[in-house]
Amino acid sequence: MKLKGAVKKVAAGLEVPADILVSELRITLYGSYRVVVENHSGVMDYSTTRIRLRAGDGQVHITGSGLRFAMVDAAAAAIEGCITGISRGGSGYE
């Protein structure tokens, strides 16, 4: 998108992270026990071994054991448990 590119240039000039201005996906992993996914578009499905979040034009897959939502709202999801994998892919609208 042209607008997204322009916003990234402005962000660089202002020395602020572009994801703050354009709501890009941000994934932060804390060890192997907690992950926070910001700017997701909703929960697709979940179990104690796999959680799928809609993220822009794709998905975020989190795998592990004992997975649970510590917090979830429209802006972010915090997932805790024994996290063994995080991947992106697929259509966000399956």
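Only this structure's heavy atoms are used, side chains among them; waters, hydrogens and symmetry mates stay out.
Taken to the nearest 0.5 Å, the CD1 atom of I51 stands 13.5 Å off from the CD atom of Q59. Between the CZ atom of R52 and the NE2 atom of H61 there is a distance of 6.0 Å, given to the nearest 0.5 Å. For the atom pair CD of E38 and CD1 of I27, the computed distance is 10.0 Å after rounding to the nearest 0.5 Å. From L25, atom CG reaches atom CZ of R54 across 13.5 Å, with rounding to the nearest 0.5 Å.
Heavy-atom minimum distance, R34 versus A78: NH2-CB, 3.5 Å. Minimum interatomic distance between V60 and A55 (heavy atoms only, all atoms of both residues): CG2-CB, 3.8 Å. The nearest pair of heavy atoms linking E24 to N39 is O-ND2, 2.6 Å.
The backbone N or O of D73 lies less than 3.5 Å from a partner atom in the side chain of H40, making a donor-acceptor pair.
The hydrophobic cluster containing V43 also contains V37, counting ILVMFWY residues as joined when their side-chain heavy atoms lie under 4.5 angstrom apart, directly or transitively. Under a hydrophobic clustering in which Ile, Leu, Val, Met, Phe, Trp and Tyr are joined whenever their side-chain heavy atoms come within less than 4.5 Å, directly or via other members, I86 and Y33 fall into different clusters.
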Inset, instruction - Using the side-chain contact (heavy atoms from CB on, under 4.5 Å) rule, take R26 and V36 through it: C-alpha gap first, then chi angles, then the decisive distance, then the call. - result: CA-CA 8 Å; R26 177 184 287 185; V36 177; over 6 Å; no
Inset, instruction - Test L67 against T49 for side-chain contact (heavy atoms from CB on, under 4.5 Å), laying out the working first. - result: CA-CA 6 Å; L67 299 179; T49 59; 5.7 Å; no
Inset, instruction - Verify side-chain contact (heavy atoms from CB on, under 4.5 Å) between Y46 and I62, making sure each step is shown before the conclusion. - result: CA-CA 9 Å; Y46 65 93; I62 299 162; over 6 Å; no
